[in-house]
Amino acid sequence: MLLFPDLKEKVEKKISSVLAGINSKDFDWDQTGHSDFSLRCFRLAKPDGYGKICDAVRNVLSSDAFIDRIECQGPYINIKVRGEAALEIMRDEIERAGIFPDTFQDPERILVEHTSTNPTGPLHIGRARNSILGDSLAKLMARMGYRVSTQYFVNDSGRQVMGMVEGFRRYGNGDRTLKTILSCYQKIYSLIDKDPEIRESVENLSKKYEEGDENTIREVKETCSVVLDSIRSSLLRLGIKIDDYVWESGFLRGGETESVLEMLSEYIQNEDGAVFITGDDGKKIYLKRKDGTTIYFLRDLAYHLFKALNADWIIDVMGEDHKGHARALSHVLINMLEYRPRLDFVFNSFVSLETGKMSTRGGNIVTLDEVMDRSRQEAELIVREKRKDLESDRLGAIAEAVGISSVRFNILRIGAEKAMVFRWKDALNVEGNSAPFIMYSYARASGILKHEPDAMEGELRLDEKEERDLVMKMYRYPYVLRAAMDSLKPEYVCNYLLELVNSFSAFYSSVNVIKSEEKNRNTRFLILHIYKKILEDACGIAGIRLLEEM
RNA sequence: GGGCGCGUGGCCUAGCCAGGAUAAGGCAACAGCCUCCUAAGUUGUAGAACGGGGGUCCGAAUCCCCCCGCGCCCGCCA
């Protein structure tokens, strides 16, 4: 939870003391540029009563030192606060806590599960959308004061993985590399429908694996590990480190899947030896096949019970194709297994290519690595062009930061529920609404601040519209964080960043900080100082790497 | 067929949950701005009655209903 002097709340409370029944529909931030807050009187009074309300609001607020102006325009009461007051709050908070806004350590432990893709091939850009969303969400919640950990549920016991391992056995010639494994996987899936013998051998492998055959287990793990290592290192390059990798097969061998079946015994039904329960929509939810092997749903139940051991709030980030699964899962957990933790699902829609759907088995994918490589190359061309003075080490570091940040931002920025088509032109965009646009602004602020590293004390005065606008935009940061948390939408932080940077650009082009008159200088350096702090904070959540120069 | 989601200038998006003051950015186009803190920037011009149609309301991009288009799902896959 956030701790900071909340001006909006203060104003709202004062107004409520003279006007009953105010809510967020009547009073809110003003987005139209008239003021900071506006009170809408449509529902509070008839047209001839607007003046009375205005007088009442004026009376109760005008004595407050942080209020600048109250103006009544028909049904709107516009309330402007003193920018200096907001700036002072931010300065004091940063001096006291080193951060704005400060947080109170919430006791809740949050567990965010994301990525969790089958280890059957490299991470493609569609799957990476899930990772980016999940990672930024985890970072957002951690920023809000929660104790957050992240997990990847490794599916090492499903049909796809068994197919991959069988494929590698047949066509891999012992060359246990990502490339070979992937091509074997694609090959076996091109043949499996035509050849019952292959299908049978995959089923046998699966059975042996679930029975706990040591050699089979080792073999599966070895092959999965190769793929998983590639996924792990791709993620790491994107700035994503997942705390724990939890292997599905662990719940098979540890007996947890069997325990779940016992817990569900009163609901369980049989059909030719296959085990199922009935969902709230009346559909059958299968837990075991007639050959006795487990189904993903059962293993996922076991996993979710395991998660509950160490977390108060479970957040699963999933592809939209898992919506049905999530619904059934939450029904069974809550209504049949008395699940305790808060449980939320966040879904991301698919990323398709201009040539159609992405498919690992079909070989129609753009991998995350490819995108990162090309994005970095593109960035390097630009840096080389702009910074002929730089040595290649430094240049490479900037290119990497720009390239990687761009990839993340271009994906995170789009609302997760929106399907997107991957286009190189958009993915490699480094101007306008992009990560480099934000990074550049930070580098500019840093450049100026080198002239005056600390400017925390002194009288505050805001004379220009652009500097006041920037200050108020900075002051909105905590409210954005809160909204992003409440709706589990880290993309709000991205949109805010773009707005904030726009305000900075206006400030930058209208005010020369270094050449400012003495009376303004100190305040302007302070603004830059706080601006950098907030950018660092928000970019930490969004996964943008900031540089002092670029 | 049923369920969930999406549809905003030529293109990509924000705004929709909690309805209100001229629908906000970017890309592409055109015309400008570096004797001044990094021009990856910035200013201006042109371009949208917010998929279509009803409804509720003083007021609808936003809420409700119908239709159309697109995505995802409807497996003893995950």
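The structure presented is a predicted model; accordingly, all values stated were derived computationally and were not measured. Reminder, nothing fancy here: chain letters follow the sequence lines and each chain counts from 1.
- Between A/Leu498 and A/Val501, the residue anchored nearer the 5' end of RNA chain B, judged by the nucleotide with its closest heavy atom, is A/Leu498.
- Contact annotation for A/Glu417: backbone-only contact, meaning every heavy-atom pair under 4.0 Å involves sugar-phosphate atoms and none involves a base.
- Between A/Tyr286 and B/C77 there is no side-chain polar atom (N or O) within less than 4.0 angstrom of OP1 or OP2.
- Taking the six-membered ring where the residue is Trp, A/Trp29 and A/Phe37 present tilted rings, their angle falling between 30° and 60°.
- The aromatic ring of A/Phe42 sits over the base of B/G20, with ring centres less than 5.5 Å apart and planes inclined by under 30°.
- With hydrogens and angles left out, the side chain of A/Asn433 and the base of B/A14 share no donor-acceptor pair within 3.5 Å.
- Within the nucleic acid shown, A/Phe276 has no heavy atom closer than 4.0 Å to any nucleic acid atom.
- Ring centroids of A/His325 and A/Tyr296 are separated by less than 6.0 Å, placing the two rings close together.
- At a threshold of 4.0 angstrom between heavy atoms, the contacts of A/Lys284 with the nucleic acid are absent.
- Here A/Arg43 does not reach the OP1 or OP2 of B/C57: none of its side-chain N or O atoms lies under 4.0 Å away.
- Residue A/Asn118 is in sugar-phosphate contact alone, with no base atom involved, counting any heavy-atom pair closer than 4.0 Å across all strands shown.
- The phosphate of B/A39 (OP1 or OP2) has a side-chain N or O of A/Arg444 nearer than 4.0 angstrom.
- Distances shorter than 4.0 Å separate some side-chain N or O of A/Tyr440 from OP1 or OP2 on B/A39.
- When the side-chain nitrogen and oxygen atoms of A/Ser505 are compared with OP1 and OP2 of B/U42, one or more of them lie within a distance under 4.0 Å.
- Between A/Phe251 and A/Phe153, the ring-plane angle classifies as tilted under the 30° and 60° cut-offs.
- Counting non-hydrogen atoms under 4.0 angstrom, A/Gln73 reaches a base of the nucleic acid.
- Ranked by how close their nearest RNA chain B nucleotide is to the 5' end, A/Gly415 and A/Leu547 are led by A/Gly415.
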Item to complete: State the dot-bracket string of RNA chain B. Criteria: Watson-Crick or G-U wobble, both atom distances under 3.5 angstrom; notation: ( ) intrastrand, [ ] crossing earlier pairs, | interstrand, . unpaired.
Response: (((((((..((((......[...)))).(((((.......))))).....(((((..]....))))))))))))....
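- Taking 90° from 0 as the syn/anti boundary, the base of B/C17 is oriented anti.
- Aromatic ring orientation, A/Tyr185 versus A/Tyr189: perpendicular (interplanar angle above 60°, classes split at 30° and 60°).
- Taking only side-chain nitrogens and oxygens, A/Lys283 never comes nearer than 4.0 Å to OP1 or OP2 of B/G3.
- Residue A/Lys418 places at least one side-chain N or O closer than 4.0 Å to OP1 or OP2 of B/A14.
- Among the heavy atoms of the strands lying under 4.0 Å from A/Glu548 is at least one base atom, whether or not backbone atoms are also near.
- Contact annotation: A/Lys386 side-chain N/O to B/G41 OP1/OP2 distance is not under 4.0 Å.
- Here A/Tyr267 and A/Phe276 keep their ring centres 6.0 angstrom or further from each other.
- Between the side chain of A/Asn495 and the base of B/A24, no donor-acceptor pair under 3.5 Å is found.
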